[in-house]
Student: 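To start, I am sharing the structure in question, which I have written as structure tokens.
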Number of protein chains: 2
Amino acid sequence: MARSCNFDRQEKLILAMELFWQQGFAETSISDLVGHLGINRFSLYNSFGDKQNLYRECLSFYLDNYSFGALDTLLHEKAGLAEIEAYLARFIALQREQKYGCFMQNAVLEKSLDDEGVLQECQRLFCRLQTSFTQVLQDCQARGELLIHVQPHQVAAFLVLQLQGIRVLGKAGEYELLDNGFAVLQGYLHTLSAKAF
Amino acid sequence: MARSCNFDRQEKLILAMELFWQQGFAETSISDLVGHLGINRFSLYNSFGDKQNLYRECLSFYLDNYSFGALDTLLHEKAGLAEIEAYLARFIALQREQKYGCFMQNAVLEKSLDDEGVLQECQRLFCRLQTSFTQVLQDCQARGELLIHVQPHQVAAFLVLQLQGIRVLGKAGEYELLDNGFAVLQGYLHTLSAKAF
DNA sequence: AACATTCTTGACTGATCGTTTAGATATGGC
DNA sequence: GCCATATCTAAACGATCAGTCAAGAATGTT
């Protein structure tokens, strides 16, 4: 019926996400986006609405595709405390490379106060994270690998807390603190175990 | 010799800090500052230099006077694990009121990539924090209250990690996660003790 | 091939950004 | 009281901001 769009929307969304991820909302101008995405100003507005809307869509995309992705693999295999430990170790290692930190964490600290939608989106992910960890730990406990007095949902909350702390220290370049903190975390996980791992 | 300044510099610095704290660097304009501080645009530049400089000074002031202040009291008394636990509990309670989160954390996530000075300032505080905790724990251990196999500097790093995670979850309004996470943290601290507390 | 429709383009909007200037005003030493 | 010096005020700087517009180019249907 009419002319079709000559760029891939999702490809451009990813580019926009990268830029917001690196620079934050306020520090990223529409002109920056136009340059980085390689599409015209008007096409950008036409495809994604205004800046706020684009940002939210980027955040959603990030939450669904980038953040904590490895957690899913943790869920599918019959994982235990050893796998949780390995996940945390990988997570910390990742922070050394991810110099831009975490898009979601940036979003929480920069935008949650003036954009209710951003806050809710992030809370949704926190919930998902806790649920996932709780599931793993419950399975663990059912198999007799976790001490019975341990409360899975509490330990799960504790782990979410760790992830957030790790990302802040990672962005701050505090790798030694991270390693030392992880050593303690590791020790703690071992105290939860009903059998050595 | 000449006319003297007719406002209190430090008072204005605190006002500026409040505004940056609430809104971040990029979202706070000079006009915002002029309005909130109640001094003229030029006077602001005359007293504090440009925006970047003012921000750095605000961060310094925050780090010296606001962030983690209660930690000092922890150091002076002969504190033990129970006091550390209480400190963490107070810290969490504070996050419920501090809806603007932590200036330093905002600074790390927003500005550390493009302002080396901001990053270094924050790293200096991380170091101070770890040192303080290490000191308390070492004293603790010397008095025989802490199990001898525990490494004070590692646990200190672990605690710094907790503080950062707490602040993120606090800003995100995740109070239930915080409470559950703290319960676990509490339990862990008790396992470190050579005597019940 | 002609049409309606949609995308693309680049110039443009008024507003706001951080920063600076020139002139008025107030202060302290003589 | 006078002058040197510093602070203050208001206006303005060029640059950039987010967002829009009208005209041209490309497409699918008929």
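In what follows, every chain begins at residue 1, and chains take the letters A, B, ... in the order their sequences are listed. Because the structure is predicted, anything quoted here is derived from the model rather than measured.
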Student: Mind running a 4.0 Å heavy-atom check of residues 22-34 of chain B against DNA chain D and sending the residues that fall below it, in number order?
Tutor: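 Under 4.0 Å from DNA chain D: no residue of residues 22-34 of chain B.
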
Student: How about CD on Glu176(B), more than 12 heavy atoms from neighbouring residues, nucleotides or ligands closer than 6.0 Å, or not?
Tutor: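 Atom CD in Glu176(B) is not packed in, count stays at 12 or less.
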
Student: Measure the distance from CZ on Phe7(B) to P on dT27(C) and round it to the nearest whole Å.
Tutor: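 Rounded to the whole Å, the gap is 14 Å.
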
Student: Rounded to the Å, how far apart are Gln52(B) CD and dC17(C) C1'?
Tutor: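 Spelled out: CD on Gln52(B) to C1' on dC17(C) is 15 Å.
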
Student: Going hydrophobic residue to hydrophobic residue with side-chain gaps under 4.5 angstrom, can you get from Phe42(A) over to Phe7(A)?
Tutor: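 No; tracing contacts between hydrophobic side chains, which count when under 4.5 Å, never links both residues.
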
Student: Identify whether the distance between the nearest side-chain nitrogen and carboxylate oxygen of Lys111(B) and Glu121(B) falls below 4.0 Å.
Tutor: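 Salt bridge: no.
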
Student: Compute the ring centroids of Tyr175(B) and Phe182(B), then answer whether they are less than 6.0 Å apart.
Tutor: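 Aromatic pair excluded; centres sit 6.0 Å or further apart.
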
Student: Sub-3.5 Å donor-acceptor pair from the side chain of Lys99(B) to the main-chain atoms of Lys171(B), do we have one?
Tutor: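 Absent.
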
Student: Would you call the rings of Phe20(A) and Phe25(A) parallel, tilted or perpendicular, taking 30° and 60° as the class edges?
Tutor: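 It falls in the parallel class, under 30°.
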
Student: Whole-Å distance between dT5(C) P and Asn46(A) CG?
Tutor: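 Those two atoms, CG and P, are 16 Å apart.
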
Student: Name the orientation class of the two ring planes belonging to Phe103(A) and Trp21(A) (parallel below 30°, tilted from 30 to 60°, perpendicular beyond 60°).
Tutor: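 Parallel, since the angle between the ring planes stays under 30°.
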
Student: Considering residues at least two apart in sequence or located in another chain, which fulfil the side-chain contact (heavy atoms from CB on, under 4.5 Å) criterion with Leu146(A)?
Tutor: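 Per chain and number, Leu146(A) pairs via side-chain contact (heavy atoms from CB on, under 4.5 Å) with Leu81(A), Leu137(A), Cys140(A), Gln141(A), Val150(A), Leu192(A).
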
Student: Which residues in residues 36-45 of chain B have at least one heavy atom lying under 4.0 Å from any atom of DNA chain C?
Tutor: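 Residues of residues 36-45 of chain B that come under 4.0 Å of DNA chain C are, in numerical order, Arg41(B), Phe42(B), Tyr45(B).
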
Student: Specify the separation, in whole Å, of atom CZ of Phe48(A) and atom C1' of dC7(C).
Tutor: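 Spelled out: CZ on Phe48(A) to C1' on dC7(C) is 14 Å.
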
